[in-house]
Amino acid sequence: MRLGVENISHHYGETEVLRDVSLTVQPGRIICLIGPSGCGKSTLLRMIGGLERPDKGRVRMDGAASPDSLNPLTYIFQDFALLPWRTAAGNVSLVLEGHNLPRARREAIIADVLARTRLSDFADALPRQLSGGMRQRVAIARALAVSPEVLLMDEPLSALDAQTRELLMDDLVALWARQPFSAVYVTHNLAEAVRMGHAIVILSRRPGQVREIVEVDIPLEERAARIDELALLQRRLWEMMRDEAEAADREIANA
Amino acid sequence: MPDVPFRGGGYATRPRRWVGLVVMIALLGLWWLGSARGWISPIALPPPQDVLAAFRDLFVTGRIWDHLGASLYRLGMGWFFGSLAGITVGLAMGLSRSVRGGAGPLVAALFPVPKIALLPLFIVWFGVVGEGSKVATILFGAFFPTVINTLAGVDNVDRGLIRMGQSFGLSRWAIVRKIILPGAAPSILSGMRISSSICIVLLIAAEMIGAQNGVGAYILFAGANYALGQLIAGVMILSMLGLTVAWLIGLVEKRLLAWRG
Ligand SMILES: Nc1ncnc2c1ncn2[C@@H]1O[C@H](COP(=O)(O)OP(=O)(O)OP(=O)(O)O)[C@@H](O)[C@H]1O
Ligand SMILES: [Mg+2]
């Protein structure tokens with residue numbers, strides 16, 4: 001399935017948040033969305049997933065979603081959004097329970113996604129008993145359980161420390177390599193963007209507009225080894241963003 | 001050079017359990033001794049053996065089961081249905097803006113009324129005899145704190161979790177049952193803890209005003225007959241009733257809220 005964001009504009013009251021944003025998510029590709037604080041990245045992602053309606057513009061799904069997909073557009077949240085009273089397996093089960101799957105099938109899916117996120121030994125652990133990285137892995141397992149067509153991730157690694165972040169990026173890349181998924185990946189972190197993105201969309205400061213779309217040709221699996229090229233790319237991205245970020249910072253200070 | 005002096009400690013909050021037991025036994029001993037020596041007037045406090053005799057009498061005649069049975073029935077019915085109605089209304093108010101707008105002012109207006117003031121009204125409605133008036137009073141007493149705590153609990157459920165549920169396409173009912181209700185459970189249970197003690201107060205007051213049996217009536221008759229042994233026995237039964245109810249709620253909390261650790 002191809003996802004097309006077409007000419008989205010949006011206001012919150014007097015504040016113009018997004019202006020005429022268009023982009024395409026091709027099957028099997030990860031789009032990273034970067035831009036200064038408050039430029040409307042989270043808002044755009046909510047609209048892509050249908051959690052909020054834009055004032056103008058639309059999001060189109062081209063091509064039928066696979067019939068196996070229980071929830072074509074699936075989020076992974078910054079704060080994990082796990083139910084604290086359910087175990088890791090229970091949190092995954094939550095999103096399968098409404099779909100009339102036979103019990104055995106449901107349990108097979110749960111076991112499979114927990115194995116893919118290396119959590120099999122923690123199936124019965126409550127979120128508070130898990131580290132931050134493991135909690136986000138539970139959330140990733142939950143997202144994989146519904147066989148999404150597009151993963152929508154809003155700063156999925158921001159709540160984690162730097163080392164855990166590295167490990168989880170490797171995990172995500174490995175998951176993608178095993179079974180490519182499409183994703184919109186919002187981040188503040190340029191290092192994440194150059195590691196994860198097939199294309200990097202740079203938004204301007206508020207009102208968010210597409211300033212530039214940078215294609216990254218290095219295959220995902222090779223990126224960890226080709227640090228120098230990534231560093232160079234990251235430098236280039238920063239130069240493109242720098243003025244916007246500074247201006248946004250000044251605006252926030254003056255607001 | 002001297003060691004660093006120790007400055008921590010001293011504010012331990014864990015009790016030494018045996019101290020409590022020693023204090024209890026000492027007080028009982030003092031009571032017995034004071035009554036035997038005539039330091040304590042029997043009008044002020046009956047000797048412990050009178051209280052024991054009252055208990056023995058209650059068990060031998062089997063009247064304890066009349067009184068306790070009647071009281072437990074009223075308390076159980078009133079508290080259970082009051083809490084059930086309270087949770088339902090609180091949940092509806094938390095989920096629907098029109099219900100909140102409609103029921104909010106009514107709840108706010110009735111909440112501060114001491115529910116015992118409604119007993120005469122319920123007696124007019126349901127008659128003096130029968131359980132209706134007493135159960136209704138207790139039911140109202142349980143209803144309001146439960147509504148308010150349920151509503152607060154629903155309001156406090158993490159919006160992020162609800163958005164997560166929506167984003168995975170969960171039905172509205174599934175979100176209520178699997179996300180909102182468990183999320184509000186701590187607040188609902190603490191409301192039920194509060195309402196249980198309010199209900200015991202109302203139970204006794206209602207039984208003193210208009211009942212032939214029940215622990216409240218037993219205490220009232222004992223007082224009227226200057227049977228202080230019976231009176232103290234009744235008060236002790238109430239203490240045990242309150243402790244048992246609190247213990248039961250504690251048990252439920254432990255089971256339902258184990259995830260909080
Ligand atoms: N529900 C809302 N009502 C009103 N204003 C909102 C709402 N949500 C976001 N905003 C405003 O819209 C602007 C864009 O918010 P958004 O969260 O999309 O930015 P962002 O790019 O994700 O920022 P960050 O990088 O800090 O996460 C901000 O100025 C924010 O204050
Ligand atoms: Mg954001």
Side-chain angles (χ1 to χ4, degrees), chain A residues 42-43 45-52 65 69-88 90-100 124-130 135-136 138-139 141-156 159, chain B residues 83-84 87-88 90-91 94-97 146 149-193 248-261:
Chain A
S42 301
T43 307
L45 203 66
R46 284 198 297 275
M47 285 164 180
I48 295 177
L51 290 182
E52 206 166 322
S69 177
L70 300 176
N71 190 49
L73 305 177
T74 296
Y75 283 90
I76 292 174
F77 299 94
Q78 179 176 359
D79 62 356
F80 323 138
L82 299 175
L83 301 184
W85 50 85
R86 285 199 182 216
T87 61
N91 267 286
V92 176
S93 173
L94 175 81
V95 300
L96 298 172
E97 284 162 12
H99 292 284
N100 279 326
D124 296 323
L126 289 167
R128 72 178 159 83
Q129 297 165 320
L130 299 172
R135 285 180 210 177
Q136 192 57 301
V138 175
R142 176 178 65 188
L144 295 175
V146 293
S147 322
E149 296 268 340
V150 184
L151 278 178
L152 305 172
M153 304 190 252
D154 194 354
E155 307 194 34
Chain B
S83 300
L84 198 67
I87 292 171
T88 311
L91 198 60
L95 295 177
S96 148
R97 273 191 270 181
T146 311
N149 271 270
T150 304
L151 181 57
V154 172
D155 281 345
N156 266 329
V157 174
D158 184 352
R159 296 294 116 174
L161 293 181
I162 296 175
R163 199 165 337 114
M164 180 276 293
Q166 292 175 323
S167 80
F168 277 96
L170 266 63
S171 69
R172 205 175 148 74
W173 172 233
I175 289 177
V176 170
R177 203 160 49 88
K178 295 173 184 168
I179 299 177
I180 295 178
L181 266 180
S187 177
I188 294 175
L189 281 171
S190 80
M192 289 180 73
R193 197 181 267 285
L248 281 176
I249 295 177
L251 223 61
V252 173
E253 274 180 346
K254 226 187 226 151
R255 259 196 72 87
L256 285 184
L257 307 182
W259 54 272
R260 292 205 296 189

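To find a chain, count down the sequence lines: A is the first, B the second, and so on, and within it residues start at 1.
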Peer 1: Using non-hydrogen atoms and a 4.5 Å limit, figure out which bit of B/Ala185 sits close to chain A: side chain, backbone, both or neither.
Peer 2: neither

Peer 1: Need one label for B/Ile179: side chain, backbone, both or neither, based on atoms under 4.5 Å from any heavy atom in chain A.
Peer 2: both

Peer 1: Indicate yes or no for a side-chain donor-acceptor contact from A/Asp79 to the backbone of B/Gly160 under 3.5 Å, with no hydrogens or angles considered.
Peer 2: no

Peer 1: For the atom pair CG (A/Asn91) and CE (B/Met164), what is the distance rounded to the nearest 0.5 Å?
Peer 2: 6.5 Å

Peer 1: Is chain B contacted by the side chain of A/Leu70, its backbone, both, or neither, given a heavy-atom distance below 4.5 Å?
Peer 2: neither

Peer 1: Supply the atom-to-atom distance B/Arg177 CZ to A/Glu97 CD, rounded to the nearest 0.5 angstrom.
Peer 2: 8.0 Å

Peer 1: Are A/Leu126 and B/Arg260 packed together at the side-chain level, in the sense that at least one heavy-atom pair is separated by less than 4.5 angstrom?
Peer 2: no

Peer 1: Report the distance from atom CZ of B/Phe168 to atom NE2 of A/His99, rounding to the nearest 0.5 Å.
Peer 2: 9.5 Å

Peer 1: Supply the atom-to-atom distance A/Leu83 CG to B/Lys178 NZ, rounded to the nearest 0.5 angstrom.
Peer 2: 10.0 Å

Peer 1: Where does B/Ser167 contact chain A at under 4.5 Å (heavy atoms): side chain, backbone, both or neither?
Peer 2: both

Peer 1: Against chain B, label A/Arg86 side chain, backbone, both or neither, depending on which of its atoms sit under 4.5 Å from a heavy atom there.
Peer 2: side chain

Peer 1: Using non-hydrogen atoms and a 4.5 Å limit, figure out which bit of A/Tyr75 sits close to chain B: side chain, backbone, both or neither.
Peer 2: both

Peer 1: Which bit of A/Leu152 comes within less than 4.5 Å of chain B, counting heavy atoms only: side chain, backbone, both or neither?
Peer 2: neither

Peer 1: Out of B/Pro182, B/Gly169, B/Ala174, B/Ser171, which one racks up the most heavy-atom pairs below 4.5 Å with chain A?
Peer 2: B/Pro182

